[in-house]
Amino acid sequence: MSESGFSTRLVALTRKETRQMLRDRSNLVVGLVLPVVLILLFGYGLSFDVKDARVTVVLEDSSPTARNVVSGLQGSPYLAPSWVTSMAEAARMIRAGQTDAILRVPIDFSRRLAAGDAQLQLLLNGVDSNTASTMEGYVAGALAIPTQQLADQAGNKPTAAPNITIVQRTWFNEAGESTWYLVPGLLVLVMTLIGAFLTSLLVAREWERGTLESLFVTPVRPLELVLAKLAPYVVIGGIDLIMCLLAAKYLFHVPMRGSLPVIIVSSLLYLMVSLSLGLFISAATRNQFAASQMALLTSFMPAMMLSGFVFDLRNVPVVIQIISQVLPATHFMGLIKTLFLAGNYWPDILRDCAILALYAVVLIGLTRRSLRKKLD
Amino acid sequence: MSDQNLTVTVENLRKTFQGPDGGEIAAVDGISLSVQAGELTALVGPDGAGKTTLMRMLAGLLKPDAGSLRVLGIDVAADPQSVQDRISYMPQRFGLYEDLSVQENLDLYADLHGVPHDERQERFARMLEVTDMARFTDRPAGKLSGGMKQKLGLACTLVRSPDLLLLDEPSVGVDPLSRRDLWKIVQQLIDDEKLSVIVSTAYMDEAERCAQVFVMHKGKLLADGAPDALSKRAQGLTFTAATPVDMPARQLQARLIDVPELIIDAVPKGGNVRFIRQPEAEQARLNDLLDGTSVEPRAEELEDAFMMLLREEEGETETKTTPKEELEKSAAHTAKDDGKPVIVVRDLVRKFGDFTAVAATSFDVARGEIFGLLGPNGAGKTTTFRMLCGLLPATSGHLEVAGLNLRSARAAARARIGYVSQKFALYGNLSVRENLEFFGGAYGLSGKALRNRISASIEQFSLDPAAQSGILPAGYKQRLAMATGLLHQPEILFLDEPTSGIDPLARRAFWRTITSLAVSGVTIIITTHFMEEAEYCDRIAIQDAGEMLALGTPREVREQAGDAGADMNSAFIAIVEQGRAARENKEKAA
Amino acid sequence: MNPVITYFFRTLALFRKELLALVKDPSSRVLLFAPALLQALLFGYGATYDLTHVPYAVLDHSRGATATQLLARLDGTGVFERVATLTSSDQIAGVIDKGDALLVVSIPSDFEARLAANQQAPLQVILDGRNSSTAGAAAAYVSSIVTSYNQTLGNRSSITIVRRSWFNPNLESRWNMMPALIASLSMIQTLMLAALSVAREREQGTFDQLLVTPLTPLQILIGKALPSIFIGLIQSTIIFLIILFWFQIPMNGSVWLLYFGLFCFTVASVGIGLSISAVSLTMQQAMLYTFMLVMPLMLLSGLLTPVRNMPAILQVATYVNPLRFGIDIVRRVYLEGATFGDIASNFLPLLAVAAVTLPLAAWLFRNRLG
């Protein structure tokens, strides 16, 4: 009797939650449209890959030699050089935000080149530090060949000195494309946002509208409420997961070196964590505004900024590392990047999945506790 | 065994909450009572009596601080779930899922209570029939009128036959027709299934139906017994005074109720005034007061006994009515009576899509008149109100308030009206003073003028300026809303169901304020579901389905209802039903 | 009384009420200011692209002096930390997969011999590319160390490039990130506050009460907008002070210009928030629509990646994003010491957004359908 009561009630509650979710269009907009927008923005919009970086060349020395040296810039696919004659003009451009760097060829360039002691000045706008250091590399690379040739012509014999060269191999992401690591991270973000934005309002709304009081005085058990509230959002999360995976594979061609079932299982585990975290916040605060703020602060913003999504955790102070280890998102972020780019690495998979499962169980337990049928 | 027949036994029950100042407030303070099975039992009492707290403890939603509480023989505090499996509870504001349809709400609760499918069809059919909602099963609950929501809430509560039914103020804000339907359901279940019911209510006619009535006050039990036995307290003290022909009943009523040492209570009814005299009142002074109006004794009722009990308890402090002069001073003096109507409504129409909320409505309201707008829930009263106040554009028709259409008039014109909306619509997290300061400022008062008006209002309505307005008891919230609406001394006051959910005592004080304002020249438009309150009005209009069914003085309206018009309540029901029958005939003919 | 003064007092009454309602209870006060403080500190430390710690492993088959010297240079940077010394190439996968090492330096057995023969001696660097930007930065770092080591071996180029960077001499990414946070962190909350302000009153029924007062839509607009703008600027100030005094990033520009920029930016955000608020029926809708907007606004702002790296069509879309121009104004005034003339063009889009959204919101107050 009580067994069948459980399943009847669970089905009834799940049906109710599903209907409510489907009837409010804003739920579906956030649950299904926002992920698509994010997929497209992350895939196409966000890129650390500098291209057409604006570098302004100040040719104070207009000798053919000098022209020859800087001509290398035009061949670079990453740089968009422009030419001016005075340093003042170039400085004005950098201030007005019309250029990102200045390459100054000093007036004594040719003379000093003959003496084997020539200098070029590269002035970078360091505000965007990342672009600036990347540009430095590009400029140096673009100038390397003409400088070498010039040096050769200038009669400086190729030195017979020993020379160490680097053979670089980047595993997992040979071309160093940022999409490859942004897209798996996006999966984390999308799973997080459903919990943070949608389930965080669910219980608080029922408290505010007074519907829980009526529901409490029925044979309903707290666990049934929790499970029924999770169910429809697991489906939404599942759809989002499929969209993300398809986009990763067919739109952005991110490799999937780990096995697909493992990716799906671990994603669903994290989805449960994220949804139950939202639900717990909702049940604990009983207030929609506070719940959404808490969810934003404790789950969404940290998942974006502190989980190793774009900012590498190896570079942050120990305290921040400890904080980030507390976040479930960090564990899933590491796992999913490995699964996509590296492959099945079982010790990690088992450890991270165990952590996620533990989080899910604890959070569901806590939510259930805070839904004890009491008004005070 | 008599014990077998008790559904609820309560001993020395106590529940305290933390007050805003950190002190403890005992909501239920050492109550002992027992409730018989198979009977209808009522809890009555003014705001803050502890009725809701007691109900919630019975339902296992609150844990008692002390005392014992057994429901259906089970210790609720120890095992709330076993109780919740067997009882049904309808909270004051039933939590319908507004985005789900009527049918979906019913199905949900039927599933939760594990009602078998074959049983459920029969039961739903019966519920929908009695509540007259069979046509609306696909409509989202949020789109139902207040009365229908309440009926649906009761239907959801009653998807199965519980061992005990708890109803917490089921008829607040519900029109007389829906109220009749609600009670029809409950009565049927009592008759057919020997249901045990505990109901809390502010309507004494509802309490009168019950086998047992408990009168609560400030967390304590004041009296209990069968309604007849309780009524006996007022025996020999109840009379009806015939109002002289040229005098509105409310004028005589005001005169009587202003002398609490002689008169316990007075209300206008059927054009006359019913009153209760103080047992010790000197006959000579009473005769002076009555000034030759003819007085007949009448049979005592539960309401009389209830009013007596409360007056004894509350003492002089609470019953202090505002001195008339004070109020008259507070009203607008600038208003000149030029004999023209203050409000003119001609052929007013409002449509939402293809639904006509207000159809071709016309009426005038004269200066200083109290105009009552009555009608079942969803009849279009609130829509009419919102159009008058300029909150909603009219689809067509002409509309003038103090010579202007407020929707298009300059902002300053709105300073001439005051508006008290249906639900408490002030800022709950601000204090009483802060709310008054804000609205005063919004109406252009500032500096000394503002301070003077605020202190006058605080005194006039006996408010605590530091209290947080959101957690005031309903009666005080309503006072604050009135104080806010009157702060800028408007010429016209709009009141939308101001007395919903307010106990009889507070309603007396409220109406005393209203009648004084009218005397000082303020025009008042009011809606209410308490039909006896219509007796205070100079004229009333009855609306249903957007159409005007009756318009005139209370006496004229009662006469329009013919034989059914013995009192306002039955007159109202008769007129609305006649109107509905006529409409159905017209539809059939078309 | 003077109508101008009355007008002013009425608006002031609403402004006071809005502010009071916001800061009245302690929990909402905490919710208004603590997040800005906390996030500024957390992200100040956490949001960095700079390499500070590169764990690496060595597989040295040569066991020669040159390799030892080179590795000593690596260790001497303070950034590279040797976490493992491998003995066979089979172990490489282990340390990389587990994430123990970001890179492995593999030195072949003929390394010393080739150098001795004045030949090119290849050195293998294997990188974990899961975070491509960290991997790229680490590779560049290793290569610069090797280049400078080569110079000690006698390889001198006749042309040297002298690098100087303006406004951020050490190219620290924190300098880039933190000023941007002044605008972005406060935007999330101002948007939300503004979005909830009208929606909350509609849901609680107080908006009708407000509309029947003589307040004009313009007064309601001003009364609703100012508190959100005010709170937004306070949050910006908190973050600004943390950056200036805690992280000690030098401020080069005019504080007045910075605040003028922040004010225009906040007005535009509040305009968007109030428009959301005016179309929403419930708080829930207002919140969800805000979330829906916040994400794209953040991503298309240049906060994480430069706007110039985006495809052309998205770059066009950023013109309606106040955050893009807010961040640009703050970064340039703060770090570059830009004058009004330098950044004047940023104000146009901000004012345009405000000029559309604010009147729209005011109109919607009264005319929202339904």
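Within every chain, numbering begins at 1; the chains are lettered A, B, ... in the order of the sequence lines, protein sequences first and strands thereafter.
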K.L.:
Please examine the side chains of Tyr109(B) and Leu215(A), heavy atoms only from C-beta on, and report whether any two atoms are closer than 4.5 Å.
P.N.:
yes

K.L.:
On a heavy-atom basis, which atom in Gln20(A) and which in Leu100(B) lie closest, and how many Å separate them?
P.N.:
CG-CD2, 3.9 Å

K.L.:
Are there residues of residues 56-83 of chain B whose heavy atoms fall under 4.5 Å of chain A's heavy atoms? If so, which?
P.N.:
Arg56(B), Ala59(B), Gly60(B), Leu61(B), Leu62(B), Lys63(B), Pro80(B), Gln81(B)

K.L.:
Quick one: do Arg23(A) and Glu104(B) make a salt bridge, cutoff under 4.0 Å?
P.N.:
yes

K.L.:
Check each atom of Leu166(B) against the heavy atoms of chain A and say whether the ones under 4.5 Å are side chain, backbone, both or neither.
P.N.:
neither

K.L.:
Counting C-beta onward and ignoring hydrogens, is there a side-chain heavy-atom pair between His113(B) and Pro219(A) closer than 4.5 Å?
P.N.:
yes

K.L.:
In terms of heavy-atom proximity below 4.5 Å to chain B, should Leu212(A) be classed as side chain, backbone, both, or neither?
P.N.:
neither

K.L.:
Go through the atoms of Leu13(A) and report whether side chain, backbone, both or neither lie under 4.5 Å from a heavy atom of chain B.
P.N.:
both

K.L.:
So, Lys16(A) and Asp99(B), do they make that salt bridge, N to O below 4.0 Å?
P.N.:
no

K.L.:
CZ of Arg205(A): more than 12 outside heavy atoms within 6.0 angstrom?
P.N.:
yes

K.L.:
Can you confirm whether more than 12 heavy atoms, excluding those of Met294(A), are under 6.0 Å from its CE atom?
P.N.:
no

K.L.:
Do Tyr97(B) and Glu206(A) have side chains that approach each other closer than 4.5 Å (heavy atoms only, starting at C-beta)?
P.N.:
yes

K.L.:
Taking 4.0 angstrom as the limit, do Asp107(B) and Arg15(A) come out as a salt bridge?
P.N.:
no

K.L.:
At under 4.5 Å between heavy atoms, what parts of residues 230-243 of chain A are in contact with chain B? List them by residue number.
P.N.:
none

K.L.:
For the candidates Asp111(B), Leu108(B), Asn105(B), Leu112(B), which exhibits the highest count of non-hydrogen atom pairs separated by less than 4.5 Å from chain A?
P.N.:
Leu112(B)

